Amino acid sequence: MEAGLPWKSITLGSGITAYSAVSSFSPRWSSTAFTGYFVSTWVLSFVAWACWKVILWPKVFSPLRGLPEPKNDSFFNGQWEKIRKLPNGVPMQQWIATIPNDGLIRYLGLLNQERLLIASPKALAEVLVTKNYDFQKPALMRLGLARILGYGILMTEGEEHKIQRRNLMPAFAFRHVKDLYPIFWSKAAEGVQAMTRQLLLDAAKDVDVSMTAPAGTTPVSEQQQPFQANGNNSPETEGWTGELEVGVWASRITLDIIGIAGMGRDFGAIADPTNPLFQTYNVIFKPSRQAQLLNLLGLFIPTWLLTRLPVQRNADVKGAAQTIRSTCAELIREKKQKLARKELTDVDILSVALESGGFSDDNLIDQLMTFLAAGHETTASSMTWAIYLLCRYPEIQTRLRQEVRERLPSIDDASATITSMDIDRMPYLNAVCSEVLRYFSPVPMTLREAAVETSIQGVKVPKGTRIILAASGTNRDPALWGSDSNQFNPDRWLSKHDGDKNAASGGATSNYALLTFLHGPRSCIGASFAKAEFACLLATWIGKMKFELKNPEDADEDKLEIKGGVTQRPAKGMHVKVKVLDGW
Ligand code: HEM
């Protein structure tokens, strides 16, 4: 059933009813009588709609009622309390693991909104591949995100999406991505060197931790808390070079990587944390109460009105969209000038897309906005979780460091670079990256809506049904990954013997067991880019630095506060102690 209040139908219906009532029952036309009839009809229609939506449809009429469901629903708000309290995707993880099902689980959310959770490879194959275009991104999600992500490939649907995907595929093909490895490596190295410099500088200066940053930026003390200079070391910081917050550094570095590898422009966020583009994303991706509230209001208010409400969040999004759009427009202008002068030999994604000739300038701006946002927050989130997990498992951190130092050149060797083959030959690095992406999927869940009446595994799915694809659940489903599905174990990705084919899928029983990049025509087009970038980043960080959680209690995953929108991170940041290591 379609979501959202049918404003237009109710208002039009109330207008017609009020007009007919005044014409039939009033001796002469009266605007007061019209308004009275209109308002009372409108309110009655709203109440009828609300009863239908919240009680009758989900509890009496929906054809999905017989499906397995979580227990202990609240009468009006289903499982909302649990969904609200736990991190995004965690309730779905629990339901997939514990509710016996044939691939479909139904649950009710706020005001009993019905949701269909896809829980088996067969059902996933239908939604993502065989009937992919029956399921689209909900309009509210598209219109909301498109302001920042652009109306590019991520947001388009149907035929338009097919064409855009076909035109962009060559730019993301592995034969191009492999040319980007040296860029990933040198930017990752630059990032580590900047982190090291900052740590040493803070140490030398014994900076006042309460130092504040320029207006609109994160205070330095929150980004990287300096360690006490030698002699002043507290027992907790003894032997460590200093402390930092992983997420901020990861975002700065990944923004520069997507800038240079995606568009051929170094944004300079590694060198300068006050960089306007970095700050723009910082504001926009920060979990915000107002953003959550606007999402809720979206149930009742049409999107065009929602996005125009005079609230700070809308102003922030508008300002951010202008900054991002104008940066992208400028990048395209520069590249086109190069192309006209026949000087375009760059390997970045924009250059390849431009040379294909399949896009108008306006459309390319939207595509760039998509790559910028989709391509840096996700990888930064992976880095945050990777460092978190390696702090929790120091023996894995040590083993990984050993492989990196044995097989890759030091980042201090300015003449050294790496190729895709160097990374391919690192079984443990690849295993750790795959396991991080499985265990903490940067995008824990995504949504679809049935665009037409359809079916999944023979079950009738009415038009408008909300579909939940929860990587957080499928990636840890014991039925697919075995009884240790909830353990972080990179070894599951290593060959146990010659020709061990299971290792490539982490020992899972199905290709659909890993949903991190989805599957099919709407899978992540940047998956090979992201995996290569992630491997280079992790290798340089672990090769050069040792990490430990600043707050040991954060090791308890169940107590760690996690917040986020599309991607997610620890609510208070990932603060770690760092030791810069010699000998590599
Ligand atoms: C670890 C890093 C990443 C993860 C986990 C990730 C995950 C995803 C997921 C789950 C989707 C599907 C969203 C949906 O349809 O609901 C997606 C789509 C997409 N991603 Fe990624 N992504 C990552 C990195 C990147 C990078 C680096 C780029 C670009 C350079 C990128 C570009 C895109 C684009 C353009 C789409 C839309 C594809 C389409 O609809 O046809 N992603 N990504």
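Whatever order the structure lists them in is the order used to number ligands and atoms, beginning at 1. Everything numeric here is computed off the predicted structure, so don't read it as measured data.
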Taking atom NZ of K162 as the centre, does the number of heavy atoms from other residues, nucleotides or ligands within less than 6.0 Å exceed 12?
yes

What about T446: any of its N or O atoms under 3.5 Å from an N or O on ligand 1?
yes

Show which atoms of ligand 1 fall inside a sub-4.0 Å distance from at least one heavy-atom site of I258.
30 (C)

What about T379: any of its N or O atoms under 3.5 Å from an N or O on ligand 1?
no

Under 3.5 Å, is there a donor-acceptor pair between the S251 and R569 side chains?
yes

Given K544 and Q193, is the side chain to side chain donor-acceptor pair (under 3.5 Å) satisfied, shown in steps?
CA-CA 9 Å; K544 198 66 192 168; Q193 280 152 356; over 6 Å; no

When you measure from atom 33 (C) of ligand 1 to each heavy atom in A261, G150, C524, which option holds the nearest one?
C524

What is the minimum heavy-atom distance between E114 and L108, and which atoms define it?
CA-CD2, 3.8 Å

Using heavy atoms and a 4.0 Å limit, tell me yes or no: is G262 in contact with ligand 1?
no

Looking only at protein heavy atoms, which one is nearest to atom 34 (C) of ligand 1, and what is the separation?
I525 CG2, 3.6 Å

If the plane angle is over 60° it's perpendicular, under 30° parallel, otherwise tilted; pick one for Y281 and H376.
perpendicular

Which of the atoms in ligand 1, numbered in the order shown and given with their element, are less than 4.0 Å from a heavy-atom of R165?
38 (C), 39 (C), 41 (O)

Closest approach of any protein heavy atom to atom 24 (C) of ligand 1, naming residue and atom
T378 OG1, 3.4 Å

Can you list the atoms of ligand 1 that are under 4.0 Å from a heavy atom of S523?
38 (C)

Report yes or no: does a heavy atom of H161 sit under 4.0 Å from some atom of ligand 1?
yes

Take the angle between the ring planes of F174 and Y181 and call it parallel below 30°, perpendicular above 60°, tilted in between.
perpendicular

Looking only at protein heavy atoms, what sits closest to atom 4 (C) of ligand 1 is F517 CE2, 3.4 Å

Between W493 and W481, what is the ring plane arrangement, given parallel below 30°, perpendicular above 60°, and tilted in between?
tilted

Taking non-hydrogen atoms only, is R522 closer than 4.0 angstrom to ligand 1 via side chain, backbone, both or neither?
both

So, 4.0 Å and heavy atoms of Q367: is ligand 1 close enough to count as a contact?
no

Proximal atoms of ligand 1 relative to R448 (non-hydrogen, under 4.0 Å)
14 (C), 15 (O), 16 (O)

Atoms of ligand 1 under 4.0 Å from any heavy atom of K137, numbered from 1 in the order shown, are 14 (C), 15 (O), 16 (O)

What about F440 and F488, are their ring centers closer than 6.0 Å?
no

Counting heavy atoms under 4.0 Å, the part of K531 that contacts ligand 1 is neither

I'd like to know whether the aromatic ring centres of W385 and Y439 sit less than 6.0 Å apart in this structure.
no

Flag the pair Y512 / L518 as yes when at least one side-chain heavy-atom distance between them is below 4.5 Å, and no otherwise.
no

Starting from atom 37 (C) of ligand 1, find the nearest protein heavy-atom neighbour and note its residue, name and distance.
L154 CD1, 3.3 Å

Run the contact test for F534 against ligand 1 with a 4.0 Å cut-off on heavy atoms, strictly below, and give the result.
no

With backbone taken as N, CA, C and O and side chain as the heavy atoms from C-beta onward, which portion of S382 lies under 4.0 Å from ligand 1: side chain, backbone, both, or neither?
side chain

Side chain, backbone, both or neither: which applies to I153 and ligand 1 if a contact is any heavy-atom pair less than 4.0 Å apart?
both

Ring-plane angle category for Y133 and H161, please: parallel below 30°, perpendicular beyond 60°, tilted otherwise.
tilted

S120 and N101: side chain donor to acceptor below 3.5 Å
no

Side chains of S455 and E126, donor plus acceptor under 3.5 Å:
no

Any S381 heavy atom less than 4.0 Å from ligand 1:
no

Identify which of F172, F135, F529 has a heavy atom lying nearest to atom 29 (C) of ligand 1.
F172

Quick one: does ligand 1 sit under 4.0 Å from the side chain of T516, the backbone, both or neither, non-hydrogen atoms only?
both

Salt-bridged, K572 to E245, with N to O below 4.0 Å?
no

Please state which option from G375, P442, A380, A373 has its nearest heavy atom closest to atom 28 (C) of ligand 1.
G375

